[in-house]
Amino acid sequence: MDEERVESLWVRMKGQANMGDTVVGVYYRPPDQEEEVDEAFYRHLGVASQSQALVLMGDLNHPDICWKGNTARHAQSRRFLQSIDDNFLTQVVEEPTRRGVLLDLVLTNKEGLVGDVKVGGSLGCSDHETVEFRILHGRSRKMSRITTLDFRRANFGLFKDLLGRIPWDRALEGKGAQESWSVSKHHFLRAQDRCILKSRKSSKGGRRPAWMSKELPEKLRGKKVVYRMWKKGLPTWEEYRDVVRLRRDATRKAKAHLELNVARDVKDKKKGFLK
């Protein structure tokens, strides 16, 4: 049977008190896998996706997928994209994992479930990069105490003027590379403190992303309403899936529109790039 040829393992992790379980899956897809075996895996994935918290990882061997545009050249890769779209999964690895290609993926059906994703290093003789991440389910979110530079309110004119007033020839005269670097860094940071304000970075309650239009939040809230209704059995799976696709398309278009505007106006509005 095709199901027996699927190289996958699924584990249910018991949640803490008042917290749901998390389903974790590991899957290897050979590069030459037949379409029938792919379809058998998609049936497994459809069942696992009914869980409220799902994490799937593995080498899925779809090197032709462009994750930024959610497109692919080959039919089997396009079918894979359709499957993760049907099951409302998000792919969170952004860096290549083997010879400049992104093959090893981490997918989840819950925003904020997977975090601290790191790519780098290898195990033994493997030519794949390792992928490290944390499953954040059940952990409390804390407000960040980190302060960041607020470039949107920076005075770059004054910054340039302050550095231009420094007699660099005299300041660096007779100094070696390390000492020259320390002097340059000292003056740079002094000018930075005067010209670039700092703001507290918050994990929640922060300002909206630059691509978030006035109409988009209302559409995204509508998705949550339909999801709650679907859990109660009111709309059908197909109706809920269509709503999710419309919201995803709206988000992608908003991001693409922002990128287009930034690329077009970057020469005249340099601060727009820092949003």
Side-chain angles (χ1 to χ4, degrees), residues 1-13 21-137 237 241 244-245 247-249 251-252 255:
M1 294 179 64
D2 294 330
E3 277 76 6
E4 297 176 353
R5 297 164 62 190
V6 176
E7 299 183 46
S8 64
L9 175 67
W10 302 91
V11 177
R12 181 176 297 275
M13 298 171 56
D21 297 346
T22 300
V23 174
V24 178
V26 181
Y27 174 52
Y28 172 69
R29 177 187 178 277
D32 57 349
Q33 182 160 279
E34 299 174 358
E35 294 183 14
E36 292 77 9
V37 184
D38 280 345
E39 292 300 324
F41 168 72
Y42 298 146
R43 289 192 290 272
H44 292 183
L45 182 59
V47 174
S49 296
Q50 301 300 315
S51 170
Q52 292 187 0
L54 169 68
V55 178
L56 171 65
M57 69 196 86
D59 179 2
L60 279 79
N61 276 307
H62 287 293
D64 60 306
I65 292 180
C66 172
W67 289 102
K68 186 174 182 179
N70 212 43
T71 57
R73 295 192 304 271
H74 300 146
Q76 282 180 282
S77 297
R78 291 195 295 270
R79 176 67 183 93
F80 171 68
L81 289 176
Q82 179 188 344
S83 176
I84 66 173
D85 198 37
D86 289 345
N87 292 290
F88 317 119
L89 300 176
T90 301
Q91 205 285 117
V92 299
V93 181
E94 298 180 351
E95 301 175 41
T97 59
R98 182 177 184 268
R99 299 178 183 176
V101 180
L102 178 51
L103 298 180
D104 305 275
L105 310 178
V106 178
L107 301 122
T108 179
N109 66 347
K110 185 176 182 180
E111 184 178 358
L113 180 61
V114 174
D116 300 334
V117 180
K118 299 177 183 178
V119 176
S122 60
L123 293 175
C125 299
S126 174
D127 59 354
H128 287 248
E129 300 287 330
T130 60
V131 180
E132 298 182 28
F133 61 93
R134 292 180 182 272
I135 298 178
L136 306 175
H137 185 57
W237 172 265
R241 182 185 61 193
V244 172
R245 284 178 173 173
R247 302 310 187 266
R248 281 187 177 174
D249 288 343
T251 300
R252 287 170 182 159
K255 292 180 179 180

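Quick note: residue numbers are just sequence positions, from 1.
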Are [X] and [Y] close enough that some pair of their side-chain heavy atoms sits under 4.5 Å apart?
X    : Y    : answer
V114 : F133 : yes
V24  : M13  : yes
T71  : C66  : yes
V106 : L56  : no

Do you know which two heavy atoms are closest between [X] and [Y], and how far apart they sit?
X    : Y    : result
E129 : G121 : OE1-N, 2.9 Å
L105 : L102 : CD2-CG, 3.8 Å
A48  : W10  : CB-CZ3, 3.6 Å
Y42  : R79  : CE1-CG, 3.6 Å
H44  : S8   : ND1-OG, 4.0 Å
V6   : A40  : CG2-CB, 3.8 Å

**Q.** No-hydrogen, no-angle side-chain donor-acceptor test under 3.5 Å, S49 and N109
**A.** no
Rounded to the nearest 0.5 Å, what separation is found between the [atom1] atom of [X] and the [atom2] atom of [Y]?
X    : Y    : atom1 : atom2 : value
Y27  : L60  : OH    : CG    : 6.0 Å
T130 : L123 : OG1   : CG    : 6.0 Å
S83  : L45  : OG    : CG    : 4.5 Å
L113 : T90  : CG    : OG1   : 10.5 Å
Q33  : D38  : CD    : CG    : 4.5 Å
N87  : L107 : CG    : CG    : 10.0 Å

Q) Does a sphere of radius 6.0 Å around CD in Q82 hold more than 12 heavy atoms from other residues, nucleotides or ligands, not counting ones at 6.0 Å or beyond? A) yes
Q | With sequence neighbours excluded, residues passing salt bridge (Lys or Arg N to Asp or Glu O under 4.0 Å) with R78 | A | none
Q) With sequence neighbours left out, what residues match R73 under salt bridge (Lys or Arg N to Asp or Glu O under 4.0 Å)? A) none
Give a yes or no on whether the backbone of [Y] and the side-chain of [X] come within a donor-acceptor separation of less than 3.5 Å.
X    : Y    : value
D64  : H74  : yes
T97  : L103 : yes
N61  : R29  : yes
T108 : V55  : no
D85  : L81  : no

Q.
Pair R5, E34 - check salt bridge (charged side-chain N to carboxylate O under 4.0 Å, His left out), show working.
A. CA-CA 10 Å; R5 297 164 62 190; E34 299 174 358; 3.2 Å; yes
Q.
Please list all pairs meeting salt bridge (charged side-chain N to carboxylate O under 4.0 Å, His left out) that have one or both residues in residues 88-100, counting only residues at least two apart or in different chains.
A. R98-D127, R99-D127
Q.
One pair to check against side-chain contact (heavy atoms from CB on, under 4.5 Å): D59 and H128. What are the steps and the verdict?
A. CA-CA 9 Å; D59 179 2; H128 287 248; 3.3 Å; yes
Q) Taking the inter-plane angle between the rings of H62 and F80 on a 0 to 90° scale, is it parallel (under 30°), tilted (30 to 60°) or perpendicular (over 60°)? A) parallel
